[in-house]
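Have a look at the structure below before the remarks.
Here is how names work: the chains are called A, B, and so on, in the same order as the sequence lines, proteins then strands, and each is numbered from 1.
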Amino acid sequence: MLQVQLPDGSVKDYSKPVRVFDVANDIGPRLAKAALAGVVDGKVVGVDTPLPAEGKVELKLLTKKDAEALGVMRHSCAHIMARAVMRLFPDVQLAFGPTTVDGFYYDFAMSHKLSEEDFPKIEAEMAKIIKQDEAFERIVEPRDRALEVVGDIKQQFKVEHIQTGLGDHPTVSFYRQGEFIDLCRGPHIPTAGAIGAFKLMSVAGAYWKGDAANQQLQRLYGTAWFSKEDLDAYLQKMEESKRRDHRVLGKQLDLFSINPLVGGGLILWHPRGAIIRGELEQFVKTELQKRGYEPVYTPNIGKVDLYKISGHYPYYADAQFPTIKMKDHPESLAKAKAGGQPDEEEYLLKPMNCPHHIMIYKSRPRSYRDLPVRLAEFGTVYRFEQSGELNGMTRVRGFTQDDAHLFCTEDQVADEFRGCLEMTQFILETLGLTDYRVRLSFRDPKSDKYVGKPEVWDRAERELEQVCRSMNLPHMSIAPGEAAFYGPKADFIVADCIGREWQLGTVQLDYNLPSEQRFGLEYTGADNQAHRPIMIHRAPLGSMERFIGVLIEHFAGAFPLWLAPEQVRIMTVSEKFNDYGRQVERQLREAGLRVTGDFRAEKIGAKVRDAQIRLVPYMLVVGGREMEEGTVSIRDRIEGDVGALPIAGAIAKFQEEIRTKRIRQVAKPMAPAAASGAAEANEY
RNA sequence: GCUGCUGUAGCUCAGUCGGUAGAGUGCGUCCUUGGUAAGGACGAGGUCAUGGGUUCGAAUCCCAUCAGCAGCUCCA
């Protein structure tokens, strides 16, 4: 006897064996026809899945209206794409074909090199398959029989996967549709016809099982929806996202550029971009001062020996610019020529600020009364990122961290850590960046790559978790094994306009650098004994480059007044009023506002349009009326014409908005973050 | 770094079969003097990414390099 409980609370009893489909059919033939999958006790299954003979289950039937059904359908669409590709090209080896946040992909090994020119052909073949509306048939086989099946169809990746990845599965499942059979956990939709609209998106390389040492495969990306309207809406959203891309806006709004002659991944901040950065830096500096940080400055290079002690060199040698060798300097060459010893010193472009700050800590003996010491610097560092990684401002080779290093006692760690998190939160929220998640990275207890005693780690991880939980951080997750080798950390992660996630702020504990093997940091305790301080690395913004890149997309280029490079633009109705316009401009500039004047011989409509496109927050229209009354007509970028104010009144209005860092407009929420776990969801 | 794609005016892009280069926009000058998202005319602006090769002839075909884009891998 089986009891099936439905979402409306009703219960159906069965004494004979039933499948999900049978229950749907009992409820009604229309539902049976519309049902694409079911959720049995929280697990998504196909409609042909038999329910247990005994006990009680909860069942929800999924139709086109349910979000979970979309994933099932997309997975089926991935199969159909693979089937089409196999029909069109010889020697296709299938790897994995899971769903993603917005669609699906399938990895292939094949001799033909796929390109976008192949897409129409593949899409046409897929459309043909979908039109035939064939069923997906689930077949379960014992392992040895399954190996025969994949051997027979000469699918080597599948053979390997059954042997290694599925080593502990006594049986494995296949799905057959017509001539196409694929090793697959499922579930699938009943028949192909439910796929309303699909589109192939791109082709790219990917490694077998995600390991760069393995064979490289061709990955074909696609998206699928239940209706053409949904697909069109999605494609339109993607187009809008592209327009918000910080690389596009950076060029349009003249914020920054990258010049090959200067070097890839090296940002040139144009005047307008530099204003945004300068305002942000000032904001952070004010917060640092309030929170007891002390600003310092350190050089952009340091001797290699410094980084040998810190451990950054040669451990990260491949991610650093090569060293500067002084023996190549003319003076040294001359010395060597004269028979002297060449200069053997080597310098490194600084990859991290911490060693320099440590040398400031070490510049004199420290007492427990001095702690915590908080040294802050907007420090520029250089790292040689792989060429394929460079990406606008979000992944660069030279960047400035809003860095600080805290040296404290073990008893102070929790409070200091909390303080760092609070400052980060405060900064993000002031900027309206509320759509972030926090990832707490702990060690992998099975690995031995970590420095420091396990007891110390345990205590630190416990304390950090406690601190974070007490703060109610949004979307907090714990990532075991993601900690740095020197300590656990908390990262603030924000998604860009196309859903790619970027780590911005970070707070990290460090047991390594203060240790005897590294810099041997000390302070004198109340007991007059030497003690070892604990270090915290923290950067609320992360780097100015990446942060502003994400911020450009967050605001879609329409910055709040306090950050806007050009805050106010004066525009005259005709050249007759240019003198008055210049007078207004001068007054606003003297009041500290960033103002420009548009005194061209253009019509007011054209001037307004140009300022709107430039995303200038306020336009001041001046003509005969304003000149007579000593006023300005304010046009708000968002609201349009909002009437006239005396000049002093307008200035006060703008200054107040700047002082409160008011945010009046934020671009629509970013695309949902690409769930990194998506690929594993449908492992085979 | 790997796979694929792309590189033409400041910007966005067109350029057919291999026959010495085009639009829109922006920029400059002039006309126009106007009231909240595009007034008009004229003009300047190109080593077709770079270097080789094939060819009577290359923006176009081939090779290499550089840069960008998408994805993968990496990220102290």
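Of the nucleotides present, none pairs with B/U36 by Watson-Crick or G-U wobble criteria with both distances under 3.5 Å. Partner assigned to B/G45 is none, using Watson-Crick or G-U wobble distances below 3.5 angstrom. Both distances falling under 3.5 Å, in either a Watson-Crick or a G-U wobble arrangement, place B/C72 opposite B/G1. The pairing partner recorded for B/C66 is B/G7, the criterion being a Watson-Crick or G-U wobble arrangement whose two distances lie under 3.5 angstrom.
Looking at heavy-atom distances under 4.0 Å, A/Glu482 makes no contact with the nucleic acid at all. Residue A/Phe485 is classed as having no contact, given no heavy-atom separation below 4.0 Å to the nucleic acid. Nucleic acid contact for A/Tyr221: sugar-phosphate only, since backbone atoms but no base atoms lie under 4.0 Å from a heavy atom of the residue. Residue A/Gln386 is in base contact, counting any heavy-atom pair closer than 4.0 Å across all strands shown.
Put simply, A/Lys251 has a side-chain N or O that comes within less than 4.0 Å of OP1 or OP2 on B/U12. Between B/U33 and A/Asn578, no contact under 4.0 Å exists linking OP1 or OP2 to a side-chain N or O.
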(request) Using a 4.0 Å cut-off on protein heavy atoms (strictly under), produce a 5'-to-3' string for nucleotides 34-49 of chain B with B for base contact, S for backbone-only sugar-phosphate contact, and - for none. (result) BBBBBB----------

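Looking only at distances, a side-chain donor or acceptor of A/Lys607 sits under 3.5 Å from a matching main-chain atom of A/Asp598.
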Identify each donor-acceptor pair in which a side-chain atom of residues 108-117 of chain A lies under 3.5 Å from a protein atom, sequence neighbours left out, and give them as a table.
from, atom 1, to, atom 2, distance (Å)
A/Ser111, OG, A/Asp91, OD1, 3.3
A/Ser111, OG, A/Asp91, OD2, 2.8
A/His112, NE2, A/Asp118, OD1, 3.4
A/His112, NE2, A/Asp118, OD2, 2.8
A/Ser115, OG, A/Glu117, N, 3.3

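Residues A/His270 and A/Ser257 have side chains that bring a donor and an acceptor to within less than 3.5 angstrom of each other.
No option in A/Val304, A/Ile324, A/Asp305 other than A/Val304 meets the side-chain contact (heavy atoms from CB on, under 4.5 Å) test with A/Glu346.
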